[in-house]
Amino acid sequence: MRLIYFFLASSLIISLHSCTAPDRTEYVKQIDSISNVLENVAGPYEKLNLEELESIVDTVEKQIDFIKGNFKGEMNKEMAIELGEYEEIEEFIPELGEREENIENGLKVSREQLSSLKKALIENATHDAVGNEINDEYIKKQIQQEKTINAALIREIEFMIEKSEALNKTFERHYTQTKFWCDSIAAASK
């Protein structure tokens with residue numbers, strides 16, 4: 001009789017163990033880590049005034065075009081060097097509007113993906129929205145994919161932050177002198 005109880009108890013324990021949700025704490029920590037890294041970079045990026053950056057680029061372009069189109073005589077070396085440095089602003093962030101849109105879309109998608117994956121793990125979901133089984137292999141693959149995608153997104157965000165700082169510094173250093181030249185050229189042509 002004891003033997004029967006032992007087998008029944010053993011079967012019940014095995015049955016309960018097989019119904020127990022797997023511990024996915026480590027996977028959730030990995031997702032949180034990816035999210036934290038992303039948010040640490042996204043915060044400073046989202047504080048950038050991208051409209052102002054676009055305005056600066058437009059201003060530089062207009063001033064340079066005005067000087068090139070209206071300057072008469074031979075430009076001295078100092079003026080040429082300063083205008084050359086100032087004109088480089090236009091190249092600091094190529095395709096600024098497109099980059100901005102790509103980053104915003106990337107942040108939105110990454111945040112949603114990470115949140116959904118974390119929620120599925122916390123709730124011990126067994127299948128994803130398209131019916132794929134959520135097992136260790138699936139989770140590892142998804143986490144690796146998120147790491148790869150977010151690494152590229154983070155590099156792009158860091159590029160934008162770095163270049164926007166350089167753009168602002170260069171603009172501040174050259175704007176006053178360039179405006180003076182534009183005003184002087186405009187006054188001389190009247």
Side-chain angles (χ1 to χ4, degrees), residues 21-65 83-175 178-179:
D23 183 13
R24 295 177 170 169
T25 308
E26 284 305 311
Y27 295 131
V28 171
K29 286 180 184 177
Q30 289 178 37
I31 293 167
D32 285 341
S33 176
I34 296 167
S35 293
N36 288 338
V37 171
L38 180 63
E39 293 306 324
N40 285 338
V41 175
Y45 170 79
E46 290 171 333
K47 291 178 183 171
L48 293 177
N49 186 339
L50 297 172
E51 288 178 13
E52 183 178 304
L53 289 178
E54 290 175 9
S55 177
I56 288 172
V57 172
D58 289 344
T59 298
V60 169
E61 188 176 291
K62 287 175 186 171
Q63 288 177 324
I64 294 295
D65 288 348
L83 285 175
E85 289 175 4
Y86 190 62
E87 187 174 22
E88 287 177 4
I89 287 175
E90 296 173 323
E91 300 168 14
F92 276 25
I93 308 176
E95 302 166 351
L96 176 60
E98 186 177 324
R99 285 178 184 270
E100 178 184 358
E101 186 177 328
N102 289 340
I103 289 172
E104 286 177 16
N105 290 338
L107 282 171
K108 181 181 177 190
V109 169
S110 285
R111 286 170 171 155
E112 287 174 6
Q113 288 289 103
L114 291 168
S115 176
S116 295
L117 185 55
K118 180 178 177 179
K119 182 180 179 194
L121 295 179
I122 289 172
E123 293 177 356
N124 291 312
T126 57
H127 291 81
D128 67 10
V130 293
N132 296 316
E133 182 182 354
I134 299 178
N135 54 27
D136 284 346
E137 183 180 325
Y138 173 91
I139 297 167
K140 288 175 185 175
K141 181 181 174 188
Q142 293 301 313
I143 288 174
Q144 185 56 49
Q145 185 175 346
E146 290 304 320
K147 283 180 182 178
T148 303
I149 290 168
N150 283 293
L153 180 58
I154 288 167
R155 281 192 302 275
E156 183 69 8
I157 291 170
E158 288 172 337
F159 171 83
M160 287 288 286
I161 292 169
E162 177 186 321
K163 292 299 182 177
S164 68
E165 290 171 2
L167 188 149
N168 281 318
K169 286 179 183 177
T170 303
F171 183 73
E172 289 170 10
R173 187 171 58 244
H174 297 289
Y175 173 76
T178 306
K179 184 175 182 336

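Being a predicted model, the structure only gives us computed values, none of them experimental. Note that these values count all heavy atoms, side chains included, but never hydrogens, waters or copies made by symmetry.
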Quick one: does Ser164's side chain have a donor or acceptor within less than 3.5 Å of a partner on Ile161's backbone? yes

Please report the closest heavy-atom contact between Ile93 and Leu167, naming both atoms and the distance. CD1-CD1, 4.3 Å

With respect to Arg111, which candidate in Glu146, Glu104, Glu46 satisfies the salt bridge (charged side-chain N to carboxylate O under 4.0 Å, His left out) definition? Glu46

If you count the non-hydrogen atoms of other residues, nucleotides and ligands that lie under 6.0 Å from CD in Glu85, is the total more than 12? yes

Smallest heavy-atom separation, Ala125 atom then Ile134 atom, equals O-CB, 3.8 Å

Taking side chain as C-beta onward, heavy atoms only, is Leu96 less than 4.5 Å from Met160? yes

For the CD atom of Gln145 and the CD1 atom of Ile143, what is their distance to the nearest 0.5 Å? 11.5 Å

With rounding to the nearest 0.5 angstrom, report the CD to CD1 distance, Gln113 to Ile31. 10.5 Å

All heavy atoms of Phe159 vs all of Phe92, minimum pair found to be CZ-O, 3.7 Å

To the nearest 0.5 Å, tell me how far Ile154 CD1 sits from Leu107 CG. 9.5 Å

To the nearest 0.5 Å, tell me how far Ile122 CD1 sits from Leu117 CG. 10.0 Å

One thing to verify: whether Glu26 and Lys29 come together as a salt bridge, which I'm taking to mean a side-chain N less than 4.0 angstrom from a carboxylate O. yes

Give the minimum heavy-atom separation between Pro44 and Val41, together with the two atoms involved. CD-O, 3.2 Å

Rounded to the nearest 0.5 angstrom, the CD1-NZ distance for Ile89 and Lys163 is 12.0 Å

Considering only heavy atoms from C-beta outward, does the side chain of Lys140 approach that of Tyr27 to under 4.5 Å? yes

Minimum heavy-atom separation for Asn150 and Ser110, please, with both atom names. OD1-OG, 3.0 Å

Exactly one of Val60, Thr178, Val57, Leu53 clears side chain to side chain contact (heavy atoms under 4.5 Å, CB included) with Phe171, and that residue is Val60

Using modelled atom types only, decide if a donor and an acceptor are shared between the side chain of Arg24 and the backbone of Asn124 within a distance under 3.5 Å. no

Hey, does the side chain of Ser55 reach the backbone of Glu51 with a donor-acceptor pair shorter than 3.5 angstrom? no

Check: Glu100 and Tyr45 side chains under 4.5 Å, non-hydrogen atoms: yes

Once rounded to the nearest 0.5 Å, what's the spacing between atom CG of Leu50 and atom CD1 of Ile56? 11.0 Å

Residue pair His127 / Gly131: nearest heavy atoms and the distance that separates them: CD2-O, 3.2 Å

